[in-house]
2 protein chains.
Amino acid sequence: MQTRPTLKDVAELAGVSFKTVSRVVNGENGVSPAMHAKVQEAVDTLGYRRNHSAQALRKSGQRLGTIGVVHADIANPFAAAVHQAIERYARDHDTLLLSGSTTEDVEQQDRLVEAFVARRVDGLAVIPSGDEPGPALRQELQRGTPIVFIDRDPGVRADLVLSDHRDGARSATSHLLAHGHTRIGFLGSREQTVSVQQRRRGFDEAMRSVDGAISTVRTDLTSVAVAERAVHELFADRGAAPTALFAAQNLAATGAVRALHQLGLQHEIALVAFDHIEIADIVEPGITTVPQNADEVGRRAAELLFARIGGNANEAQRIVVPVDLVERGSGELRPR
Amino acid sequence: MQTRPTLKDVAELAGVSFKTVSRVVNGENGVSPAMHAKVQEAVDTLGYRRNHSAQALRKSGQRLGTIGVVHADIANPFAAAVHQAIERYARDHDTLLLSGSTTEDVEQQDRLVEAFVARRVDGLAVIPSGDEPGPALRQELQRGTPIVFIDRDPGVRADLVLSDHRDGARSATSHLLAHGHTRIGFLGSREQTVSVQQRRRGFDEAMRSVDGAISTVRTDLTSVAVAERAVHELFADRGAAPTALFAAQNLAATGAVRALHQLGLQHEIALVAFDHIEIADIVEPGITTVPQNADEVGRRAAELLFARIGGNANEAQRIVVPVDLVERGSGELRPR
DNA sequence: CTGTCCTCTGACAACGTTGTCAACCCCCAA
DNA sequence: TTGGGGGTTGACAACGTTGTCAGAGGACAG
C-alpha cells in the first residue's frame, strides 16, 4: 500500500494552505465558494481520506466513534445475534465495532482488551470468558473505562445484561418434573462458564424441590459432536438412564437432539433446551425451548454502554432479560 | 473516560526522559537493568498503555495490524463461520479485525469502507453487497489497497474466494431431475445478489438439459418467514405446483422446510438446499444439502489478503471452492 | 595520564490533524 | 479619505509516539 495523500498534498495541488483544506474537508464555514470548489476538486482528484489516527491523536481524550466487542465465540448464533443488535444501535450513534473472539480463553480476552484499549475505543462490550476477568480487564474496570458485560456475570461490579439463566433453567426443569419425570439429565457446556453455572443452579433448585428426584449431570459438552457422544453414552444402559433431558446450551441441545434421533428415542425421552434452536418447530417432535432474546440483550447492553460513554456515572446496573418456555412437544413427553 | 497516562507521565514519575520509557515499553535494548526496573515500576503503577493512534501516525505507511471485514449480513451463519475462519488466521498474524455489516446496502458498504480506510487498515475483506462496488470501494481498488472479496463476484478484477455456486446448483438440480422430477421450483433470496444469480444460472442450465422440464421461480425470499409464505402460496394449487424444490440459500431453505412440514408435504415434495443447515440430519426426512465450506473459504481469503498486504503484486486470483451434494433423504424423494 | 570507544541517556524532529490566533483584504460608514 | 469591522486565509503549536543524533560518562588500551 503506497502512502496516501495528506492535507498537505491536497493543499499543494490546490495552491492553498493545508488549513484551508482541513476546513473544507470538515465542512467548516468561513470558506469562500470559489475556494471551496477549488479545494474540493483537488480532494476528489487525489482521493483524499482523512487519517483517523492523526485526528484521534489531535483530539485525544474525546470520543472517536469506535467500540470494542469481545466475544467468547462469535460463531455461536446467540453471540452473532447479539453482535448484530449492538451494531444496529452503534450505527445510529455513528460508531464502528472492533471485534474479536477469545475461544473462551481469559488470556486471549486480556490480549483483546489491551489491543482495543491501545486503539482508544470509547468503550467495551464483553461476553466474558472464564469466571473472572484477567488483569488487563480488571485494570480498565478500575480506570472507569466504559464497559458492559453481556450474558455472563463477570464476578465484579459492572454494568451487566443477561438472560435470566437461573429462572429459565428452573422453569425448564420444573416443566419436566411437572410432566412426571423424576430422573432428569443435565447437559452443560463449559463448566467454567458462569451462565452455565447459573443454569445448573436453577436446575438443582428445581430438582431439590421434589422428593426423590435424581439428577444425572454431564458437563463440558463444548461442541455438538461431544454432546452427541455424551447422550449416546448416557443411554447405553437404559435402566439407569434419565427419562428426560435438560440441555443447558444451544450446541449441547443440538447434539442431544441428534443423538436422540439416532437412537430412535425422540418420542420417549423428554427434552427441553435452553436458547434458540433454528428449526425447533420442524423436527418431530418439536423441541420445547427456553429461548434467549438476543436482540433485547444486545440492545440493552448497547444502551448501557453508550450511556456510560456519554458520561453516566451512576452505580453499575444489572439488567436481567426474562426468558419464557415455549412448548413444542419434546418437553411434554411423559415417562413410560 | 479521563485522560490516560502518556510516556511523559510515566517519565515524570520515574524521573527519566520519556524516550527512555519508550525504549522500555518497546523492549529495545540499550537500557541498563536498574533503569529498566525503575521505569517498569512506573509503567505498572500508572497502568500505561501505548496510544495506538500516535504510534500509527508516527509509522504511517507501515502496517498496523488491523484489517477490516465488511459483511453483508453478519448474522447469517455462513458469514459468521467465515468471519471466525478469518479471525483465526489473522490472530496468527497479530492482526485485529474491524467489522461491520451492510444489511446488503451498497451505500452502507461504502460508508464502512471509508471508515475502515480512515483508520488505515492494512487491508479489507468484503462480502460484497449489490452487483457492483460503490465509488469509495472502487477507488480503493484502484489505489491498490489490499482487498479480497468473498462469496460473491464483485464484478471487478480483484482477489476473490467463493464457493462453486453455479456447479453446486447445477448438480443439486440434476440430482432432482435424475430422481424423475420435471417440475422443479427455485427458491432464491435477493435477486441482486451475485452468488444467487450464479445459483440460478446453474439451476437453469440443468433444467434446460432436460426436455420438458418446467421451472417455477420465486426470488427475493430474504427471510425465513418470507420464504415460508412463498412455499405456502406455491402449493395452494397442487395441480400446477412443482414436485421438487431447490432452495438456493440457507434462510430460504429453512423457510421451505418449515412450510413443507406445516403442509405435511415433507415426504412428498423433494427438496435440496444450498448451504449448511444445522440439523439437516435430524428432521424427517433428512435434508439433502449442498453445503458450503465456510472454513475453507475464510481461510483461503485470509491467505490471499495477507499475501497482498505482504506485498504480493501478482495478478488478481480467483479461488473457487468446490461443493458436494450430501444425500439425506429429502432430495431422493421421487414424484408420485 | 590521555585518547578512544562503547554504553547509556536525552534532546529534538516528524508523522497528519485540529484549535488558536494573527493577518489580510475589502466594504462601508463617518 | 480614513478607520473600523467582518469575512477569509494562513502560520503555528500541540496531540503521543518513534527514529536520529548527539552528549555524558565510564572502561580500557596505549
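Every chain is numbered from 1, with letters handed out A, B, ... down the list of sequences. As a basis for the values below, the full set of heavy atoms in this structure was taken, side chains included, without hydrogen atoms, waters or symmetry mates.
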Q) What pairs with A:Asp105 under side-chain hydrogen bond (donor to acceptor under 3.5 Å, both in side chains), at least two apart in sequence or on another chain? A) none

Show which side-chain atoms of residues 58-70 of chain B pair as donor or acceptor with protein atoms under 3.5 Å away, not counting sequence neighbours.
residue : atom : partner  : partner atom : Å
B:Ser60 : OG   : B:Leu57  : O            : 3.1
B:Thr66 : OG1  : A:Arg119 : NE           : 3.4
B:Thr66 : OG1  : A:Arg119 : NH2          : 2.8

Q. Taking the side chain from A:Arg88 and the backbone from A:Gly298, do they hold a donor-acceptor pair closer than 3.5 Å?
A. no

Q: Heavy atoms under 4.0 Å is the rule here; annotate nucleotides 16-21 of chain C 5' to 3' with B where the base is hit, S where only the sugar-phosphate is, and - elsewhere.
A: BBBB--

Q) Taking only residues two or more places apart in sequence, or in another chain, which ones meet B:Asp159 in a salt bridge (Lys or Arg N to Asp or Glu O under 4.0 Å)? A) B:Arg308

Q) For the pair made of CZ in A:Arg119 and C1' in D:dC15, what is the distance, rounded to whole Å? A) 19 Å

Q.
Just to verify, what does A:Ala11 make a side chain to side chain contact (heavy atoms under 4.5 Å, CB included) with, not counting sequence neighbours?
A. A:Val16, A:Phe18, A:Val21

Q | A:Ser101 side-chain N/O to A:Ile74 backbone N/O, donor-acceptor pair under 3.5 Å | A | yes

Q. Is there a salt bridge (Lys or Arg N to Asp or Glu O under 4.0 Å) between A:Arg4 and B:Glu140 once you walk through the steps?
A. CA-CA 11 Å; A:Arg4 292 178 167 279; B:Glu140 291 310 313; 2.5 Å; yes

Q) Which salt bridge (charged side-chain N to carboxylate O under 4.0 Å, His left out) pairs, counting each pair once, include a residue from residues 13-40 of chain A, with sequence neighbours left out? A) none

Q.
With a 3.5 Å distance limit and no angle check, can you tell me whether B:Asp92 reaches the backbone of B:Tyr89 through a side-chain donor-acceptor pair?
A. no

(Q) Below 4.0 angstrom, which residues in residues 32-45 of chain B have at least one non-hydrogen atom near DNA chain D? (A) none

So which protein N/O to nucleotides 23-28 of chain C N/O distances come out below 3.5 Å?
none

Q) Looking at B:Arg299 and B:Glu296, does any basic side-chain N land under 4.0 Å from a carboxylate oxygen? A) yes

Q: Answer yes or no: is there a donor N or O on one side and an acceptor on the other, between the side chain of A:Thr95 and the main chain of A:His93, under 3.5 Å?
A: yes

For nucleotides 24-27 of chain D, which of its nitrogen or oxygen atoms have a protein nitrogen or oxygen under 3.5 Å away, and what is each distance?
none

**Q.** Distance-only donor-acceptor check, side chains B:Gln109 and B:Thr102, under 3.5 Å
**A.** no

Q.
When you measure from the side chain of A:Asp110 to the backbone of A:Leu137, do you find a donor-acceptor pair of N or O atoms at a distance under 3.5 Å?
A. yes

Q. If we fit an axis to the first five pairs and another to the last five of the helix from C:dC1-D:dG30 to C:dA30-D:dT1, what angle do they make, to the nearest 10°?
A. 60°

Q: List in chain and number order the residues that pass side chain to side chain contact (heavy atoms under 4.5 Å, CB included) with A:Asp44, two or more places apart in sequence or in another chain; answer none if no residue qualifies.
A: A:Gln40

**Q.** All pairs passing ring pair (Phe, Tyr, Trp, His ring centres under 6.0 Å) where residues 101-158 of chain A contributes a residue, at least two apart
**A.** none

